[in-house]
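Presented below is the structure to which this report refers.
Residue numbering restarts at 1 for every chain, and letters A, B, ... go by the order of the sequence lines.
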2 protein chains.
Amino acid sequence: MLIASRTGVRIGRAASEAVTDVSGIAEVARLAGVSKSTASRALGGTGYVSEETRQRVHQAAASIGYVPSTSAVSLATGRTQNIGVVMPYVNRWFFAEVLEGIQQVLLAQGLDLTLYDAKPGTEGRNRIFEDFLARKRFDGLIAVGLEPDHQELDRLVAIGRPIVSVVGSSNVTTVVEIDDDHVARRATEHLIALGHRDIAFIGGGLSTHWAQVDRRRLDGYLNAMKTAGLSDHVRHIYSDVTLPGGYASAVDALGEARGRPTAIVATCDEVAIGAIIAARRLGVQVPSDLSVIGIDDHEFADMFALTTLRQTPREQGRVAVQLLLEHLDDPTQPPKTVRMTSQLVVRNSTAALDPRASAVAIDGRRRGGL
Amino acid sequence: MLIASRTGVRIGRAASEAVTDVSGIAEVARLAGVSKSTASRALGGTGYVSEETRQRVHQAAASIGYVPSTSAVSLATGRTQNIGVVMPYVNRWFFAEVLEGIQQVLLAQGLDLTLYDAKPGTEGRNRIFEDFLARKRFDGLIAVGLEPDHQELDRLVAIGRPIVSVVGSSNVTTVVEIDDDHVARRATEHLIALGHRDIAFIGGGLSTHWAQVDRRRLDGYLNAMKTAGLSDHVRHIYSDVTLPGGYASAVDALGEARGRPTAIVATCDEVAIGAIIAARRLGVQVPSDLSVIGIDDHEFADMFALTTLRQTPREQGRVAVQLLLEHLDDPTQPPKTVRMTSQLVVRNSTAALDPRASAVAIDGRRRGGL
DNA sequence: TTGAAAGCGCTACCAC
DNA sequence: GTGGTAGCGCTTTCAA
């Protein structure tokens, strides 16, 4: 096709451009026998147009397959009909799910989605904050798990467009999130209720990005342990917040039977699943030797029979768009925080503590303590 | 805003727009003591401007933090400085990797990325092809594993913008891909060289989307088997092309020792890893009882010691952008096909066939044959 | 209810 | 080298 155009492009080009040229709103107006303004009104649904003209204009538009030029519309109205989405990763379950939720409602609304992949510590991230966002090629912004630093936050505010954060813990923008502290606490309490005492927390620490979320979940774990009088049993296994990260850290931490926790609270399902795979590899039976609980309800959770606290990032994405659109309609609305609920899904990775295992664990602890 | 504007916004509007107005190129020009045209030339880098004026203009621009209006620029130049990316999934390793590769070079080039998530069989996909793409909010398009049907392909061509496909098998657009047939053949040959005869292929079939890629890989497997005189040993285990899909199908297929293949070629690493997890679950030792080879070199491959044929989707994404930009520079270029190489990565999921296992397998086959 | 005309902010052509 | 000026394609007053 392109090859063909090689020989006689001049003509092809000219012709094709002529076709495009001619199919503007002016042509629609001409065909319908009205003025540009009337055509615009008829098409846009704004202002008074007689039903008859409206139909005539619409037919004319349809007949030439009229599609308004987005840049012309944007220039004239100040609206881009486009939403920007900034996130640090797109290759992790949570982020991909949120993105799909966002995309889904944006498509239904006829709005475009411009993606900014702001991976922490990259040159690309700098450029996004320095150059890309300033272009304001969007009517509003959704920031997913961004955790911007001070400077970045300033930039964000400076663009002067409505922003909704998903997992943002921001007091300046509207936020959609779950109560991380509370969720981690419930996860820990589930284990405590099963009789576990030597419960470790795995996650956060190696990676810098999830710091805030991880910190809150760690706090939830610590609070639950403290409340149960188990502060002495607290243990934090540092791990990258990825499946292989959880695997690697768990392989290290679960190697010897002595001192091994009887249960693990993972900062998210990916880490939990990594830990389960590690346990299997080490011959540690889940859940009889080791209980594991996660947070997410990841798409792999079912396959690993993982007990977890379900969150629905896709829904969070949908809600984020909704809030953003509301704000676009009425910019006077103050920022709000929407807390999504989360539900315990019990599968088969957690079980009541085996008395013998307990004895070993307690023994291990004693030895460690002495 | 809209509500407000009805009552008395006139003022608010005017004021706020005035502020925006003032930081346009006209203001830059005024500050630099030159005309708008000169300012434009100085900023755009096009046309003759004395070094001195250029500096003065740039300073003026910097002093007020001038950022050109993208819609105005687009309208005037016909260029959007934006690239559209259409893909059916964003939550699968391959697609996420390609997307990151694309984003990476786009960011470096100062180009925006508009994402269209065209999940097969959804209303959203229809809207993308019917409405969104027709808006041409982009200078070019990258289609990743899209496998459009006839009608969709027509739409694609109709938008009249350059297109590059990643995994597209298209004769109308430029394509970046690996040689799926060849890669699957090499995977199969690796197993044959290790002495395996009962080699099954797992993948494709349940899902419709990957049909073409899967078909090509299946063909590669079939060809290798045929060449080795093993056509009688051919077996296709149908599986969804996901990790849980591979797991579920493998659990079904590997249940009984009799008739169990001694080796598996998976259509991709996700399926391969699913199969490995299933094998472990069933007490089938990998690689002593079962060899598994994949295609991808997925981020989990190392953790499962998976032997695989590496492909680098991120690089494919980068190359796709490069090709697109070249085409944008010189639209007369005919479409081409770029084949990325792929390399065998031997880890520990494949091993030479154990004579005893072979006997059992052959026995099983015999029984099946009678 | 409709049409004329004035921009939206920028580029690019054409004189100077 | 530089400065007018005419659009890019659409929306939106303002009059009619």
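- Candidate nucleotides dT2(C), dC10(C), dG9(D) were compared by shortest atom distance to the side chain of Ala76(A), and dG9(D) ranks first.
- At a cut-off of 3.5 angstrom, counting only N and O atoms as typed in the model, there is no donor on one side facing an acceptor on the other between the side-chain of Arg54(B) and the base of dG1(D).
- Side-chain proximity of Val73(B) to dG9(C), dT11(C), dA12(C): nearest is dT11(C).
- Listed pair Ser35(A) / dG3(C) meets the phosphate criterion, a side-chain N or O lying under 4.0 Å from OP1 or OP2.
- For the pair Glu51(A) CD and dT2(C) P, the interatomic distance rounds to 11 Å; values are reported in whole Å.
- Counting any heavy atom pair closer than 4.0 Å across all strands shown, Thr53(A) reaches sugar-phosphate atoms only and no base atom.
- Here the P atom of nucleotide dC10(D) and the CD atom of Glu27(A) are 11 Å apart, to the nearest Å.
- Residue Ser50(A) is classed as a sugar-phosphate contact, given heavy-atom separations below 4.0 Å to backbone atoms only.
- Side chain of Gln59(B) to backbone of Arg56(B): no donor-acceptor contact under 3.5 angstrom is found.
- Between the NZ atom of Lys36(A) and the C1' atom of dA6(C) there is a distance of 11 Å, given to the nearest Å.
- As rounded to whole Å, 14 Å separates atom P of dC10(D) from atom CZ of Arg137(B).
- The side chain of Val49(B) sits closest to dT2(D) out of dT12(D), dT11(C), dT2(D).
- Residues meeting the side-chain contact (heavy atoms from CB on, under 4.5 Å) test with Gln104(A), sequence neighbours left out: Arg314(A), Arg318(A).
- What separates CG of Leu43(B) from P of dA12(C) is a distance of 13 Å, to the nearest Å.
- Among dC13(C), dT1(C), dC10(C), the nucleotide with an atom closest to any side-chain atom of Tyr48(A) is dT1(C).
- Atom P of nucleotide dG3(C) and atom CZ of Arg41(A) are separated by 8 Å, given to the nearest angstrom.
- You'll find that the side chain of Leu75(B) is closest to dG9(C), out of dC10(C), dA12(C), dG9(C).
- OP1 or OP2 of dG3(C) has at least one side-chain nitrogen or oxygen of Thr38(A) nearer than 4.0 Å.
- Both tests hold for Arg135(A) against Phe132(A): distance to the six-membered ring centre under 6.0 Å, angle to the ring axis within 45°.
- For Ala72(B) and Ser37(B), each mapped to the nucleotide of DNA chain D holding its nearest heavy atom, the one lying further toward the 5' end belongs to Ser37(B).
- Looking at heavy-atom distances under 4.0 Å, Ser69(B) makes contact with sugar-phosphate atoms alone, never a base.
- As a whole-Å value, the separation of Arg56(B) CZ from dG1(D) C1' is 12 Å.
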